[in-house]
Number of protein chains: 2
Amino acid sequence: METTRQRLPAAERRESILAAATVVFGERGYAGATTDQIATAAGISQAYVVRTFGSKETLFVEVARRAVGRIEAAFRSAIEADDGRPVDQRLGQAYLELIADRGILLALLHIFSLGNDPAIGPVGREGFLTIYRLVRDEAGLAPEDASHFLAEGMLINTVLALQLHDCDDPDALELVTQACGGDLVRFRALAAG
Amino acid sequence: METTRQRLPAAERRESILAAATVVFGERGYAGATTDQIATAAGISQAYVVRTFGSKETLFVEVARRAVGRIEAAFRSAIEADDGRPVDQRLGQAYLELIADRGILLALLHIFSLGNDPAIGPVGREGFLTIYRLVRDEAGLAPEDASHFLAEGMLINTVLALQLHDCDDPDALELVTQACGGDLVRFRALAAG
DNA sequence: GTCTATATTATGATAGAC
DNA sequence: GTCTATCATAATATAGAC
C-alpha cells in the first residue's frame with residue numbers, strides 16, 4: 001500500500017524544499033535546474049514548489065541566503081572552538097566538513113558565477129563579502145590571508161563541482177589532495193555523503 | 001541606408017560566433033544563455049548559430065575548448081618570455097591579462113561548475129587538468145604551488161564574475177586588490193575592456 | 001552562406017478543488 | 001497544506017527559400 005503524502009507545517013515544508021533545491025541547483029545551476037526536478041527531489045508537486053516561494057528566482061535567492069548562513073555558522077563555531085590549532089586551520093577544516101552538507105558549496109559556486117544577473121548578483125556579492133568580513137574581522141585574518149583562504153575555498157568548490165575526486169587520473173587525485181590539505185580519503189568520504 | 005549582411009568564409013564565421021558565444025555564456029551560464037542572444041551578439045540569425053554548430057551543446061563545448069586553448073597559449077608564451085621574474089609571477093600576470101579577452105574567464109567558471117553534466121563534465125575536467133599539468137610540468141611548479149596558483153585563479157574568476165571591482169564597498173575593493181596582487185587600477189581597466 | 005518561418009517541446013506560473 | 005489540470009511563453013531545432 002502507498003504512503004500518504006506528509007502534511008507538514010509551513011516552516012518545515014519550506015526547509016525541506018530549500019534542502020532539495022540546494023542539491024538540484026548545486027548540480028545544474030540556476031537556469032539549468034527546473035522547479036519540477038526540485039519538486040521531485042522534495043517529494044511534492046511542481047506547483048507547490050512555486051507556490052511556496054512565489055517564483056523560482058525567489059527560491060534561488062533563499063537557497064543562496066541559507067547557504068551563506070550555513071557557512072557563517074560553521075565558521076563561527078570553528079572560531080569559538082579553540083583547540084590550540086591556528087584559526088585558519090580550524091576554518092579550513094570547517095569548510096571541508098561542509099562538503100557533507102550536500103549541495104551547499106556547489107550552489108554557492110553557481111550563485112557566485114551569476115554576478116551579472118540583476119536579481120541574483122546583489123545577493124551573491126553580499127554573501128561573498130559577508131564571508132570575507134567574517135574571516136577577516138571575526139577570525140582575525142589579515143586581508144592577505146583572508147584572501148588566500150577564500151581562494152583555497154574556491155578551488156575546493158571547483159574540484160568538487162568537476163568531481164575530480166572520483167577520477168582515476170593520478171593528476172586529478174594529486175590536485176584534489178593538494179586542494180584539501182592532504183586528506184584525499186576524507187574528502188572522498190565527505191563528498192560521497 | 002542599411003548595411004548588407006556580411007558574407008563570411010566558414011572559418012571566420014565560426015570564430016565570430018565562438019567569440020560572441022563566449023561573452024554570452026560567460027554572462028549567463030550555459031542554460032541561462034539562449035542561442036538567440038548569441039545570434040544577436042554575433043549579428044546573425046538564431047537559426048544560423050544552431051546550424052553552424054549543430055546544437056547549443058556542441059557550441060558550448062567548442063567555446064570551452066577555445067577558452068582552454070587561450071589559457072594554454074597565454075601561459076606558454078609567459079613561460080617562454082623569461083624576463084628574470086619568477087615563472088609563477090609571469091603566469092599570474094598572463095592570467096590577469098586574459099580578463100581583457102572578454103568572457104574567457106567567466107565562461108570557464110561556468111564550464112567548471114557543470115562537472116555533473118554528462119556532455120560538459122568530461123570537457124571541463126579535461127580542460128582543468130590540462131591547465132594543471134601545464135603549470136606543473138611546463139612551468140615547473142611543484143604540485144603544491146601549482147595548486148595554489150589555480151586557487152588564486154579561481155578567486156580572480158569569482159571576483160570578476162561577482163563584479164566586485166565595480167563595487168563602492170571598501171571591503172570589496174580590498175579583496176579585489178588582494179586577489180589581483182595589488183594593482184586594482186589595472187584590474188579595473190582590463191575588466192572594463 | 002544566410003535568412004524566414006515554423007514545428008516541437010519544456011517549463012514557470014496560475015486557478016481551483018480537496 | 002497540497003494536488004491536478006492547464007495556460008502561456010520561450011527556446012532549440014528543422015525545412016526550405018534565396
Side-chain angles (χ1 to χ4, degrees), chain A residues 1-25 27-64 107 110 114 117-120, chain B residues 1-64 110 114 117-120:
Chain A
M1 61 183 119
E2 296 195 15
T3 339
T4 338
R5 290 266 195 234
Q6 267 287 45
R7 212 183 154 81
L8 291 185
E12 282 178 43
R13 183 55 50 169
R14 277 181 69 90
E15 170 55 24
S16 91
I17 296 174
L18 285 171
T22 300
V23 175
V24 178
F25 280 134
E27 275 168 357
R28 316 212 179 213
Y30 171 56
T34 71
T35 52
D36 194 54
Q37 290 160 350
I38 293 166
T40 301
I44 58 176
S45 73
Q46 180 267 334
Y48 190 25
V49 169
V50 172
R51 169 167 276 243
T52 304
F53 288 89
S55 72
K56 181 186 175 182
E57 189 176 85
T58 307
L59 171 57
F60 188 67
V61 168
E62 294 293 314
V63 165
H110 284 109
L114 294 178
D117 185 283
I120 299 167
Chain B
M1 60 186 115
E2 297 193 15
T3 339
T4 338
R5 291 265 194 234
Q6 266 288 47
R7 212 184 153 80
L8 291 185
E12 282 178 43
R13 181 95 299 162
R14 277 182 68 91
E15 169 56 24
S16 90
I17 296 173
L18 285 171
T22 300
V23 175
V24 178
F25 281 133
E27 275 168 359
R28 317 209 177 215
Y30 171 56
T34 71
T35 52
D36 195 53
Q37 290 160 350
I38 294 166
T40 301
I44 58 176
S45 73
Q46 181 267 334
Y48 190 25
V49 168
V50 173
R51 168 169 276 246
T52 304
F53 288 90
S55 73
K56 181 186 175 183
E57 189 177 85
T58 307
L59 171 57
F60 188 67
V61 168
E62 293 293 314
V63 165
H110 283 109
L114 295 178
D117 185 283
I120 299 167

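Everything quoted here is computed from the prediction, not taken from an experiment. Per chain, numbering begins at 1; letters A, B, ... match sequence-line order.
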(message) Do Leu114(B) and His110(A) have side chains that approach each other closer than 4.5 Å (heavy atoms only, starting at C-beta)?
(response)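 Leu114(B) vs His110(A): side chains touch.
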(message) So Ile38(A) and Leu59(A), do their side chains get closer than 4.5 Å, heavy atoms only?
(response)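 Yes; the side chains approach each other to less than 4.5 Å.
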(message) Each nucleotide in nucleotides 12-18 of chain C should get exactly one letter: B, S or -. Can you fill that in based on protein heavy atoms under 4.0 Å?
(response) BBB-B--
(message) Quick check for you: to the nearest 0.5 Å, what is the distance between Ile17(A) atom CD1 and Glu15(A) atom CD?
(response)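 So the gap between those two atoms works out to 10.0 Å.
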(request) Kindly compute the distance separating CD (Glu62(B)) from CZ (Arg14(B)), expressed to the nearest 0.5 Å. (result)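 With rounding to 0.5 Å, CD (Glu62(B)) is 5.0 Å from CZ (Arg14(B)).
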Would you mind reading off the distance between [X] atom [atom1] and [N] atom [atom2], rounded to a whole angstrom?
X	N	atom1	atom2	answer
Ile17(B)	dC3(C)	CD1	C1'	13 Å
Ile38(A)	dT11(C)	CD1	P	12 Å
Gln6(A)	dT2(D)	CD	P	9 Å
Ile44(B)	dT2(C)	CD1	P	7 Å
Tyr48(A)	dA5(D)	OH	C1'	18 Å

(request) Check for a donor-acceptor pair, side chain of Lys56(A) on one end and backbone N or O of Tyr30(A) on the other, with a separation under 3.5 Å. (result)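 Yes; judged by distance alone, with no hydrogens or angles, the pair exists.
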(request) On the 0 to 90° scale, with breaks at 30° and 60°, tag the Phe25(B)-Phe60(B) ring pair as parallel, tilted or perpendicular. (result)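 Plane angle over 60°, so perpendicular.
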